[in-house]
Amino acid sequence: MTQESFVRTEMLSAQPAPPGETGVVKWARENLFSNLLNSLVSLAFMAIIIYYTIAFLGWALQPSWGSTSLTQCREDPNILGACWGVINDRINQLMFGFYPRDQQWRPTLAFVLMLVAIAPVLFDRLPRKLMFFSALFPFLAIWLLWGGTIWAPLLTLSGIAIGYLVLRAVSGIAGDMVAMIVAILVTILWWMFAVSPLDSLITKTIAEPKIESTIAQLEKDEAALIANVAEMESRIAALEAPIAALREPLQALETRVSEDTAVVENLLEELNADIEKGGISIWGFYLWSWDVHSTLSDSEVARLETELAAAQAKLYETRLLFSDTSKALDVQVRSLQAAKTDVSDASILLKESERARADLGLLPSLLESLQALKAEKAAQGPMLDTLAAALPESARRAISASDLPGDVSDAVREAFNAREDALQEFSDLESNIASTENRIAKAYLLAGLVGLEPVESSKFGGLMLSITIGVAGIAFSFPLGIILALGRQSDMFIIKTLSVIYIEFIRGVPLITLLFVASVLLNYFLPPGTSFDLILRVVIMVTLFAAAYMAEVIRGGLAALPSGQYEAADALGLDYWKSMRLIIMPQALKISIPGIVGTFIGLFKDTTLVSIIGLLDPVGLVTSIRGDADWNGIVWELYAVIALMFWVFTFSMSRYSMYLERKLKTTH
Amino acid sequence: MSQSIEKEVDRSAMQVSDEVAIQINNMNKWYGDFHVLKDIDLTVNRGERIVICGPSGSGKSTLIRCINRLEEHQKGDIIVDGTELSSDLKNIDKIRSEVGMCFQHFNLFPHLTILENCTLAPIWVRKTPKKEAEEIAMHFLEKVKIPEQALKYPGQLSGGQQQRVAIARSLCMKPRIMLFDEPTSALDPEMIAEVLDTMIELAEEGMTMLCVTHEMGFARKVANRVIFMDAGQIVEQNEPEAFFNNPQSERTQLFLSQILGH
């Protein structure tokens with residue numbers, strides 16, 4: 001009978017789950033084999049995965065790391081798949097492009113320091129003081145990568161310090177907003193007008209007293225180099241005799257090898273002459289084979305076999321001798337080649353040093369001619385204006401003399417030509433100034449200034465270039481994206497409209513076109529003569545592009561926040577910027593983490609598009625590597641390694657975003 | 001609907017002074033074409049505890065949200081603590097830091113701990129040193145009886161606890177006026193009592209309070225004035241005894257019969 005009223009007096013305690021309801025078996029049953037159809041699907045996909053893994057490993061696991069050309073791989077019977085020699089041969093290029101080998105420690109160091117610099121940004125358990133280094137890092141990285149004297153980056157940095165001091169001083173007198181604007185203005189003015197003259201002033205004061213002693217030192221070094229070269233040349237001469245001596249016996253051995261081989265082959269032929277073979281094959285594979293019959297007597301076969309064994313042994317010995325001799329020759333030839341390279345390196349060094357020494361000696365006159373060139377340029381400006389003013393309106397717009405309208409007088413034509421000549425002269429002057437400045441800078445660097453050898457942007461390449469563009473793009477597009485997202489949410493009409501136009505325009509244009517604008521069109525928009533670095537231009541374009549996407553992702557996060565959060569922040573008396581910074585952004589960014597990281601990953605992968613405008617990122621390098629006769633026709637190996645490089649970075653980013661989402665979860 | 005309050009209310013410190021805390025003159029508000037608040041006149045003296053009730057859509061929430069400018073009014077003036085509410089941002093921020101507000105859905109900041117929720121405004125608005133702000137916050141968290149939750153996140157607390165944290169968060173700014181916008185409407189019956197107890201304690205200390213609520217028991221015991229609103233207008237206002245026992249307007253009678261009838 002049932003009990004009608006019931007009062008529990010003690011609570012039941014927890015019991016272990018029944019067997020088979022926990023562990024691997026349960027997991028497999030639930031997730032792989034829950035019913036017949038699912039089991040079939042699981043098995044089918046497992047089979048596909050195993051099949052392709054085996055196929056891929058069969059291709060990839062080849063003993064081809066040592067090969068030196070694609071032909072060598074194809075001819076080697078042991079290599080049936082990937083020819084990894086190309087990676088071994090070109091890994092340095094894939095990493096650094098054409099960055100000078102002896103300077104490659106600089107990008108490597110910059111990369112390690114970058115890891116240090118982003119660590120406190122990524123992990124808030126690290127001491128906050130490390131952020132100071134993170135703020136310094138961009139300046140340090142630019143200096144490490146591009147080189148030059150240390151004074152330029154230090155002076156640039158000092159601009160920020162000065163801006164800060166101004167901010168402190170002015171905010172005491174005027175409001176925060178005014179102080180901020182004044183501080184930014186002062187910093188920009190400092191960068192525009194003070195950095196460059198101060199840089200050359202410091203350079204002059206430090207370098208000039210040292211010029212004499214540097215020249216003397218250079219002369220001494222050159223003398224040592226010359227002595228060195230003479231010594232090496234005598235060594236080369238000494239090496240050539242033994243090589244010649246070895247060549248003759250080697251040739252004799254070669255003929256002996258071919259003679260011995262012929263003997264062996266004759267014997268084999270005799271032995272096999274009357275033997276016929278039979279067998280079974282399926283789809284071209286021999287499964288079994290056997291001898292059908294033989295006409296030779298047993299004793300004859302036995303004699304032939306002994307003879308064959310003897311001949312083979314002899315051939316083996318001759319071959320051994322041959323290979324030993326050829327190895328010895330190889331060693332000699334190699335050291336000869338090395339010595340020759342050394343000599344040519346030394347003479348290049350010598351030439352450079354001589355040129356630099358000459359420039360150092362000429363430094364005063366170089367500086368003078370720079371002054372003169374600059375004065376000339378300044379004088380040319382108004383002259384150009386007068387020449388242009390002398391032309392009638394219709395002629396002024398013509399690009400070349402052939403564009404002039406047919407009815408112009410000879411006088412106008414002459415004036416036009418005069419102006420063309422003046423323009424040509426002007427641009428010549430500009431390039432002259434640039435090269436003189438470069439020579440002076442190099443001479444100063446020689447004279448014991450603290451600095452790194454300058455490396456031009458055109459030498460940048462490989463993964464290093466991708467990381468440079470990617471990291472700079474990420475670092476700049478994130479704050480810009482936040483500002484644009486806030487702008488689009490703003491109540492102020494103009495700000496909102498501008499943000500919307502910007503975002504919609506950039507999102508509607510392919511990145512490729514923006515990169516072409518960066519590489520070609522931007523120069524037309526700038527005043528003639530000013531050309532700034534291609535890498536910098538690409539970074540700007542990539543940043544502008546990613547910022548538009550970032551803004552939309554962050555706007556999504558902002559829209560997902562309940563309006564109560566804005567109201568609570570307002571009700572507590574927080575102003576707009578404080579409530580954005582302390583309340584709204586932390587939550588909106590948290591919501592948008594997957595989207596933000598997706599944009600970052602997209603940006604990093606998009607850096608490979610720069611290969612189209614001639615920058616040598618890893619993808620761009622593939623073309624140049626395949627242009628080499630040794631590696632003509634190789635494809636998969638290079639792209640596989642590049643894919644792996646990018647995957648390492650993007651996968652780390654996505655893992656970090658998952659870690660961050662877990663860490664920021666504040667509910668149960 | 002109404003919740004029984006077991007606690008005896010100590011009325012000794014509840015004194016209404018002559019000083020005016022909030023003065024609203026002929027205030028009107030529209031949402032687009034819709035006239036939400038019509039000719040509101042209201043004077044609140046320091047130490048008054050006012051309960052505003054009325055059917056939904058009557059404009060009671062909008063009224064108290066206008067007092068700290070979460071909503072903008074289009075006509076008339078609102079003067080809080082002698083400062084007139086206009087579009088001047090400085091005045092608005094000044095008033096907001098003097099007026100505390102509790103919302104129906106608490107609106108705690110989910111990415112900050114309870115303690116950080118409470119210290120944020122004192123540190124960033126009042127420029128209180130962090131250590132001092134934390135001491136103040138702990139004092140008020142003890143007052144609302146949840147100091148042990150200080151290092152948890154809002155998502156780990158029950159609704160009643162969250163609303164008490166929200167009250168503590170407002171109190172940390174040492175406000176002179178507290179606004180409550182239906183503070184118990186989103187809570188389970190068990191939790192309503194704990195929040196009301198906290199509000200009663202606050203009233204006993206003499207805080208000027210404006211509460212939009214349907215807790216008629218609270219109104220009866222704590223309020224010195226009950227305001228009934230309908231269709232954007234103040235229909236009736238009176239002392240609680242008179243309001244509940246002898247409502248004048250027909251609309252009020254209907255409302256009270258519906259809310260107290262079952």
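A note on names: the letters A, B, ... follow the listed sequences, proteins ahead of strands, and every chain is numbered from 1.
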Regarding B:Thr208 and B:Glu48, is there a side-chain donor-to-acceptor distance under 3.5 Å anywhere? no

Could you tell me how the ring of A:Phe600 sits relative to the ring of A:Phe478: parallel (under 30°), tilted (30 to 60°) or perpendicular (over 60°)? perpendicular

Pick whichever of B:Thr113, B:Val99, B:Asp93 has the most heavy-atom pairs under 4.5 Å with chain A. B:Asp93

Examine whether an atom of [X] lies under 4.5 Å from a heavy atom of chain A, and if so say whether it belongs to the side chain, the backbone or both; otherwise answer neither.
X        : answer
B:Phe103 : side chain
B:Ile95  : neither
B:Arg169 : both

So that I know where these two stand, are B:Phe34 and B:Tyr31 an aromatic pair - ring centroids less than 6.0 Å apart?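 Between B:Tyr31 and B:Phe34, which both carry aromatic rings, the centre distance is not below 6.0 Å.
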
Is the distance between the ring centroids of A:Phe123 and A:Tyr659 under 6.0 Å?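 Judged by ring-centre distance (under 6.0 Å), A:Phe123 and A:Tyr659 do meet the cut-off.
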
